[in-house]
A.B. asks: 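Structure in structure tokens, see below.
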Amino acid sequence: MRRLAIALLATVTQALQVLDYGPGRNHDLVEVGTDSVFVDFDEAVSACEDQPSAAICVYQNGKDRSCSDGAPGTDAKRGVVKLPNELKQFDSRYDIAIAEGVFCAVNGSTSSETVRWTVQTVSEPEVDDEATTSNTTTTVDQVEVYGLGIFVSDVASI
């Protein structure tokens, strides 16, 4: 009887383990603009019915905290949570925490435990101020579109 109780306890404690997590393929260095994170589990999961009010929280540089419901979604063994705000700051440290009970095992009543990790965004690219190309810009955190047009005044001269 004791062996059965110990085996059952070992099975319960090992259910729904986190295998992998992060805001992208590399957990330490992320691209600017990351807007969601993933958690891979050892078995199929779904979003729990009773979600915590602050499913995910992000601390920027250890102080500025923002939380949201995360709009959790799943795809087989992977859970995906939307960040409360994008990781837009260059060269910043972000502490990310997904609350307990965001994901539940499909085949059982086990829910996920708290998942926490720290990521560092990439440094701001350097801009060569003396570059002579026409597409040099000092704005590196957004995309700008430029157009070029040709206006014909005399078809014969072309």
Side-chain angles (χ1 to χ4, degrees), residues 2-129 131 135-145:
R2 287 186 182 174
R3 288 183 185 173
L4 179 61
I6 292 170
L8 181 61
L9 180 62
T11 304
V12 172
T13 58
Q14 292 181 357
L16 200 60
Q17 290 184 346
V18 173
L19 299 178
D20 200 9
Y21 54 85
R25 296 186 189 277
N26 184 337
H27 305 181
D28 300 321
L29 194 64
V30 299
E31 294 178 10
V32 173
T34 300
D35 63 354
S36 58
V37 296
F38 71 84
V39 182
D40 286 338
F41 293 96
D42 64 343
E43 61 182 291
V45 292
S46 64
C48 295
E49 289 184 25
D50 297 326
Q51 286 288 315
S53 59
I56 186 165
C57 293
V58 176
Y59 299 82
Q60 183 180 348
N61 293 323
K63 53 185 176 186
D64 300 329
R65 177 183 177 216
S66 59
C67 298
S68 74
D69 62 2
T74 59
D75 181 20
K77 295 181 178 183
R78 174 170 281 191
V80 180
V81 183
K82 186 103 172 129
L83 288 168
N85 54 351
E86 290 186 358
L87 309 182
K88 290 185 175 180
Q89 295 293 321
F90 287 110
D91 200 23
S92 293
R93 190 188 91 213
Y94 290 93
D95 299 306
I96 302 171
I98 299 178
E100 180 180 354
V102 173
F103 299 105
C104 290
V106 171
N107 299 325
S109 60
T110 310
S111 62
S112 60
E113 296 182 359
T114 303
V115 179
R116 299 172 194 218
W117 71 98
T118 301
V119 295
Q120 178 75 33
T121 56
V122 296
S123 298
E124 184 172 3
E126 292 184 23
V127 177
D128 184 2
D129 290 336
N135 61 356
T136 302
T137 178
T138 57
T139 305
V140 292
D141 61 348
Q142 63 185 7
V143 176
E144 295 183 13
V145 179

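Here, residue 1 is the first one in the sequence, and each next residue gets the next number. Any value given below was found using the heavy atoms of this structure, including those in side chains, with hydrogens, waters and symmetry copies removed.
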A.B. asks: Of all the heavy-atom pairs spanning Tyr94 and Gln60, show the shortest one and how long it is.
C.D. replies: CE2-CG, 3.6 Å

A.B. asks: How many angstroms lie between atom CD of Gln120 and atom CG of Leu87, to the nearest 0.5 angstrom?
C.D. replies: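 CG of Leu87 is found 11.0 Å from CD of Gln120.
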
A.B. asks: On a heavy-atom basis, which atom in Ser66 and which in Asn85 lie closest, and how many Å separate them?
C.D. replies: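 Of all heavy-atom pairs spanning Ser66 and Asn85, the closest is OG-OD1, 3.4 Å.
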
A.B. asks: By the disulfide bond (SG atoms under 2.5 Å apart) test, which pairs, at least two apart or in different chains, include something from residues 63-98?
C.D. replies: Cys57-Cys67

A.B. asks: Starting at CZ of Arg116, measure out to CD1 of Ile98 and round the result to the nearest 0.5 Å.
C.D. replies: 11.5 Å

A.B. asks: Can you find a heavy atom in the side chain of Asp69 that is under 4.5 Å from one in the side chain of Gln51?
C.D. replies: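 No, their side chains stay 4.5 Å or more apart.
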
A.B. asks: A side-chain contact here means heavy atoms from C-beta on lying under 4.5 Å apart; do Val37 and Trp117 qualify?
C.D. replies: yes

A.B. asks: To check you understand the geometry: which heavy-atom pair defines the closest contact between Phe103 and Leu16, and what is its length?
C.D. replies: O-CD2, 3.8 Å

A.B. asks: Supply the atom-to-atom distance Thr74 OG1 to Phe41 CZ, rounded to the nearest 0.5 angstrom.
C.D. replies: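 Result: 10.0 Å between the selected atoms.
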
A.B. asks: Which pairs count as salt bridge (Lys or Arg N to Asp or Glu O under 4.0 Å) when at least one residue sits in residues 44-67, sequence neighbours excluded?
C.D. replies: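 Those involving residues 44-67 do not exist here.
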
A.B. asks: Would you give the length of the straight line joining atom NZ of Lys77 to atom CG of Leu19, rounded to the nearest 0.5 angstrom?
C.D. replies: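 Lys77 NZ to Leu19 CG: 7.5 Å, rounded to 0.5 Å.
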
A.B. asks: I'd like to know if the side chain of Asp42 and the backbone of Gln17 have a donor-acceptor N/O pair within less than 3.5 Å.
C.D. replies: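 Yes; judged by distance alone, with no hydrogens or angles, the pair exists.
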
A.B. asks: Closer than 3.5 angstrom, by distance alone: can the side chain of Ser68 be matched with the main-chain N or O of Gly70 as a donor-acceptor pair?
C.D. replies: yes

A.B. asks: Is there a side-chain contact between Val80 and Asp75 (heavy atoms, below 4.5 Å)?
C.D. replies: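 No; the side chains remain at least 4.5 Å from each other.
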
A.B. asks: Roughly how far, to the nearest 0.5 Å, is CG of Leu83 from CG of Asp35?
C.D. replies: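 Answer for the CG-CG pair, Asp35 versus Leu83, is 7.0 Å.
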
A.B. asks: State whether the side chain of Ser112 and the backbone N or O of Glu100 hold a donor-acceptor pair below 3.5 Å, judged by distance alone.
C.D. replies: no

A.B. asks: Does some side-chain heavy atom of Val39 sit less than 4.5 Å from a side-chain heavy atom of Val81?
C.D. replies: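 No, every pair of side-chain atoms sits at 4.5 Å or beyond.
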
A.B. asks: Is Ser92 reaching over with its side chain to a backbone N or O of Thr121, donor-acceptor style, under 3.5 angstrom?
C.D. replies: no

A.B. asks: Which disulfide bond (SG atoms under 2.5 Å apart) pairs, counting each pair once, include a residue from residues 70-126, with sequence neighbours left out?
C.D. replies: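 Found Cys48-Cys104.
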
